[in-house]
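Some notes on the structure that comes next.
Each chain gets a letter, A, B and so on, in the order its sequence line appears, and its residues count up from 1.
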Amino acid sequence: MVHWSAEEKQLIASVWAKVNVEQCGAEALARLLIVYPWTQRFFDNFGNLSSPTAIVGNPKVRAHGKKVLTSFGEAIKNLDNLKGTYSKLSELHCEKLHVDPENFRLLGDILVIVLAAHFTKDFTPACQATWQKLVGVVAHALAHKYH
Amino acid sequence: MVLSAADKANVKAAFCKIGGQADEYGADALERMFVTYPQTKTYFPHFDLGKGSAQVKGHGKKVAAALVEAANHIDDIAGALSKLSDLHAQKLRVDPVNFKLLGQCFLVVVAARNPSLLTPEVHASLDKFLCAVGTVLTAKYR
């Protein structure tokens, strides 16, 4: 089980309180599809992903980004039981969606960059370290049920 | 992975905007890397890695200068960084995985200090550029 210090919990909570989940989620997913275009392979039915502008404006991308980050919010409420929280989602991503867990790590890194752009100087090194740890354990939990 | 003409233009423009602050960006990226990925400290047992360390600042300046040099010779990064590539292969032997970690931290620094600069397109180009630099620096490892 992952250990979270009081400081880490505080850094997570204080950042999350100010995150616009819809906007942030949409931006993170859009950037994933733009920066790592091979990730588009999972979204054949999303319509127009032909350019960064198309991706950023794509309503399915925005909606799915919101869904993904909303789920992240669940993780934050359950920091002491991430594997349990993500058990079903992990099975889904393995058995139905067939997503390589490396993609969770890529999205996590992108999310950290999106947060840095939003919070600028308030996104201190300690804040970054905590959030990189968080995205890492979320990725690990999502991969946990893979077989 | 190839840098398109648009990527090259994006990278050059980005470093132009960063300008004289490149040294600070380098130092900030290193500081973040040491805090976020403590295993990277193993390459600097001889450094004071405390906050505000002059050694980290100095090293950040070196790292930034190399990135600027690569950006200024973006059509031949391998040529521009040839000596640095030799150094990393023969002497420093930093495990290749660590260049990705520093790259991530550099992007975070750009995002935090200059968010308007890091549009999705520039983000993509910079990420590719940093990957290319890492590839060059580890190209002669074996």
Enumerate the side-chain hydrogen bond (donor to acceptor under 3.5 Å, both in side chains) contacts for residues 81-95 of chain B, please, sequence neighbours excluded, ordered by first and then second residue.
B:Ser82-B:Lys140, B:Asp86-B:Lys140

side-chain hydrogen bond (donor to acceptor under 3.5 Å, both in side chains): which pairs involve residues 58-80 of chain B, sequence neighbours left out?
B:Lys8-B:Asp75

How would you list, in number order, the residues of residues 13-37 of chain B that have a heavy atom less than 4.5 Å from chain A?
B:Glu31, B:Arg32, B:Val35, B:Thr36, B:Tyr37

A:Lys121 and B:Arg113, any side-chain heavy atoms less than 4.5 Å apart
no

Could you have a look at B:Ala111, B:Cys105, B:Pro38 and say which one has the most heavy-atom pairs with chain A under 4.5 angstrom?
B:Ala111

For A:Ala117 versus B:Pro115, what's the shortest heavy-atom pair and its separation?
O-CB, 3.5 Å

In the single-linkage hydrophobic clustering (I, L, V, M, F, W, Y; side-chain heavy atoms under 4.5 Å), do A:Leu107 and A:Leu97 co-cluster?
yes

Using a 4.5 Å heavy-atom cutoff, which residues in residues 116-131 of chain B come close to chain A?
B:Leu118, B:Thr119, B:Pro120, B:Glu121, B:His123, B:Ala124, B:Asp127

If I measure from the heavy atoms of chain B, does A:Phe119 come under 4.5 Å with its side chain, its backbone, both, or neither?
neither

Evaluate whether atom NZ of B:Lys100 has more than 12 neighbouring non-hydrogen atoms of other residues, nucleotides or ligands under 6.0 angstrom away.
no

Hey, quick one: are B:Ile77 and B:Leu102 part of the same hydrophobic cluster, counting side-chain heavy atoms closer than 4.5 Å, chains of contacts allowed?
yes

Proximity breakdown for A:Val56 and chain B, heavy-atom pairs closer than 4.5 Å
side chain

Where does A:Thr130 contact chain B at under 4.5 Å (heavy atoms): side chain, backbone, both or neither?
neither

Do A:Phe104 and A:Leu32 sit in one hydrophobic cluster, given that two such residues count as connected whenever their side-chain heavy atoms are within less than 4.5 Å of each other, even indirectly?
yes

Indicate, with yes or no, if B:Leu101 and B:Tyr141 share a hydrophobic cluster defined by side-chain heavy-atom contacts under 4.5 Å among Ile, Leu, Val, Met, Phe, Trp and Tyr.
yes

If you count heavy atoms of other groups shown closer than 6.0 angstrom to NE2 of A:His144, is the number above 12?
no

Are A:Phe42 and A:Trp38 linked, directly or through intermediate hydrophobic residues, by side-chain heavy-atom contacts shorter than 4.5 Å (ILVMFWY only)?
yes

Within a radius of less than 6.0 Å around NZ of A:Lys133, do more than 12 heavy atoms belonging to other residues, nucleotides or ligands occur?
yes

